[in-house]
Amino acid sequence: MITINEGSVTIEVPDFSKVSSRAPVFYNPVMEFNRDVSVLAVQAFQRILDREISVADTFSGSGIRAIRYLVEVDGVSEAAANDINPLAVKCIEHNSELNSVSPLVSREDAAIFLRGNPGRFDVIDVDPFGTPAPFMDSAAASARNRSLLAVTATDTSGLCGTYIKPCLRKYSARPLKTEYCHETGLRILAGFTAMNLARYSKGASFLLSHSSQHYMRIYAHVRRGARRADETLKNIGYILHCFSCLHHEDVRGVPEDRKCPLCGAKMDAAGPLWLGDLHDEKFIGSMMAEAKNKSLNKSEDVLKLLKTCIGEVGMPPGFYDVHEICSKLGVSAPPLMDVMGGLGEAGFRVSRTHIRPTGIKTDAGVREIEEIIMDL
Ligand code: SAM
């Protein structure tokens, strides 16, 4: 066994030479960042509900999430830790004892677990191997009114368009391999979640969504009501992209066969996907405030992510990569801050993106960005 210290807990997992889904019990140290963010998100959500809450860790592995929620989040009075693997269940029981907590431990297929517990939990955490798609129907059915649905996807090669067919199969959506393909992937995951919830007359807004390392993670605030679901679906649409001049735009509803308004080339479409906000400024602000009261190993990186995400709120979908534009123009790339400053002075809104250090989100078009780059 090896001992792991994360947040305020210590757990033990069977020693396995590399991180693999074939390990007797799965534990990935790289995901500590994801779990640190999750602890803050669950805490911020508990503050919204302002009462004791229950959390379901549906793919629990070593039990680390359920245990961390019980130990580190104020107001979590109940946590379920479920995993289909019998060795994982033993490991969860062992680690619970180590940390003096008592989650409700079960060994079921996550879909059956969720179906068997409708409306039971304030927070549902879905953290499977690869795609969450096969479990989203059960998660949507199970999610209660005013709950948090947190979902991880590690099938980023499909969501980002390296492979198109898996994304069509899993998410019924077409990805597109652009410079902002990780944002498109995040929006496909968010849109898919919203559409699953709508089927059960539930609406969603997104409190935080991020694409980090090899995975994507979304936090949906679920509210019951057919009208809310209808309103939510108004945020579903497509992003049209021109590979010739890098122009992009979004359309709600099904896109027609379109020509690029700037250069006349045929545009490609990604979607259906979420075109609304991926984050909530107040919620992220509350997470940042909570970080001061927690002992998180990845605190600095988490705060950096959260700060950048706040800047993205209210910005249009997609972003421009300054280096990509410069390489099309045949000029060397100026400092990003100079381009951002130029856009700001010209009256455009502009922010960085958490997805790419050379990307900028702005309501300016590619031609205006080109002009500013050439004037620098
Ligand atoms: N949440 C864990 C963490 O943060 O360390 C990692 C979970 S790991 C990515 C996925 C887990 O899902 C594995 O422990 C695996 O045994 C379990 N699993 C795979 N298929 C499942 C299913 N259909 N239902 C429930 N658990 C499943």
Side-chain angles (χ1 to χ4, degrees), residues 1-16 18-42 55-73 79-96 98-99 101 103-117 121 123-139 141-142 148-156 170 189 210 212-219 296-298 302:
M1 296 288 261
I2 53 166
T3 302
I4 286 135
N5 295 301
E6 245 191 47
S8 308
V9 311
T10 298
I11 63 157
E12 291 177 346
V13 290
D15 198 359
F16 198 69
K18 61 179 189 158
V19 175
S20 158
S21 58
R22 277 190 281 271
V25 176
F26 186 84
Y27 170 81
N28 186 354
V30 169
M31 287 303 221
E32 179 174 6
F33 177 83
N34 178 330
R35 288 183 286 269
D36 280 1
V37 174
S38 304
V39 162
L40 295 179
V42 174
V55 181
D57 177 12
T58 55
F59 296 81
S60 197
S62 61
I64 182 101
R65 278 173 194 270
I67 295 170
R68 287 193 63 181
Y69 294 146
L70 280 167
V71 172
E72 296 175 37
V73 181
N82 175 73
D83 201 284
I84 204 163
N85 173 2
L87 280 178
V89 167
K90 276 201 175 137
C91 194
I92 297 166
E93 281 163 350
H94 172 73
N95 287 324
S96 302
L98 264 186
N99 289 280
V101 289
L104 310 164
V105 184
S106 56
R107 190 196 148 206
E108 283 188 279
D109 178 279
I112 293 168
F113 172 83
L114 286 162
R115 284 283 175 184
N117 289 286
F121 299 104
V123 179
I124 294 176
D125 193 321
V126 178
D127 185 40
F129 291 137
T131 181
F135 306 98
M136 292 306 290
D137 180 69
S138 321
S142 183
L148 181 69
L149 176 56
V151 183
T152 312
T154 58
D155 56 333
T156 51
K170 306 278 193 284
L189 177 63
H210 64 108
S212 304
Q213 296 147 332
H214 66 290
Y215 65 90
M216 294 179 182
R217 176 86 164 163
I218 53 127
Y219 296 87
L296 306 174
N297 294 333
K298 305 287 171 198
V302 170

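Order of appearance sets the numbers: ligands from 1, and atoms from 1 within every ligand. Since this is a predicted model, take the numbers as computed values, not measurements. Positions are given from 1, in the same order as the sequence printed here.
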Applying a strict 4.0 Å limit to heavy atoms, is Phe135 in contact with ligand 1?
yes
Shortest protein contact, atom 12 (O) of ligand 1 (heavy atom only):
Phe59 CD2, 3.3 Å
Closest to atom 3 (C) of ligand 1 among Glu32, Arg35, Glu108 (heavy-atom distance):
Arg35
Exam field: side chain Ser38 to backbone Asn34, donor-acceptor pair closer than 3.5 Å
yes
Against heavy atoms of Gly61, which atoms of ligand 1 measure under 4.0 Å?
14 (O)
With the threshold set at 4.0 Å, does a side-chain nitrogen-carboxylate oxygen contact exist between Asp57 and Arg35?
no
Verify, without hydrogens or angle tests, whether Asn95 (side chain) and Ser62 (backbone) share a donor-acceptor contact under 3.5 angstrom.
yes
Any nitrogen or oxygen of Arg65 lying under 3.5 Å from a nitrogen or oxygen in ligand 1? Just yes or no.
yes
Atom 24 (N) of ligand 1: which protein heavy atom is closest, and how many Å away?
Ala110 N, 2.8 Å
How does Ala111 reach ligand 1, by side chain, by backbone, by both or by neither, if only non-hydrogen atoms under 4.0 Å count?
neither
Would you confirm whether Ser60, through its side chain, and Ala81, through its main-chain N or O, come within 3.5 Å as a donor-acceptor pair?
no
Counting heavy atoms only, which part of Ala88 comes closer than 4.0 Å to ligand 1: side chain, backbone, both or neither?
neither
Can you tell me if Tyr27 has a non-hydrogen atom under 4.0 Å from ligand 1?
no
Regarding ligand 1, does Phe129 bring an N or O atom to under 3.5 Å of one of the ligand's N or O atoms?
no
Check the side chains of Asp155 and Tyr215 for a donor-acceptor pair under 3.5 angstrom, ignoring hydrogens and angles.
no
Enumerate the atoms of ligand 1 whose separation from the nearest heavy atom of Ser60 is less than 4.0 angstrom.
2 (C)
Centres of the Phe59 and Phe26 rings: under 6.0 Å?
no
Which residue and heavy atom of the protein sit nearest atom 8 (S) of ligand 1, plus the separation
Phe26 CD2, 3.4 Å
Residues Tyr219 and Arg217: side-chain donor-acceptor under 3.5 angstrom
yes
So, the side chain of Asp36 versus the backbone of Lys298: is there a donor-acceptor pair under 3.5 Å, distance only?
yes
Mind checking whether Met31 has a heavy atom under 4.0 Å from ligand 1?
no
Would you say ligand 1 has an N or O under 3.5 Å from any N or O of Pro128?
no
Would you confirm whether Asp83, through its side chain, and Ala88, through its main-chain N or O, come within 3.5 Å as a donor-acceptor pair?
no
Can you tell me the protein heavy atom closest to atom 23 (N) of ligand 1 and the distance?
Asp109 OD2, 3.0 Å
Min over Ile64, Asn28, Asp127, Val89 of heavy-atom distance to atom 1 (N) of ligand 1 lands on Asp127
Considering Val126, Ile84, Asp83, Asn85 one by one, which has a heavy atom nearer to atom 14 (O) of ligand 1 than any of the others?
Asp83
Backbone or side-chain N or O of Thr58 under 3.5 Å from ligand 1 N or O
no
So does Thr58 get a backbone contact from the side chain of Asp127, meaning a donor-acceptor N/O pair under 3.5 Å?
no
Do the side-chain N and O atoms of Ser106 and Asn82 include a donor-acceptor pair separated by under 3.5 angstrom?
yes
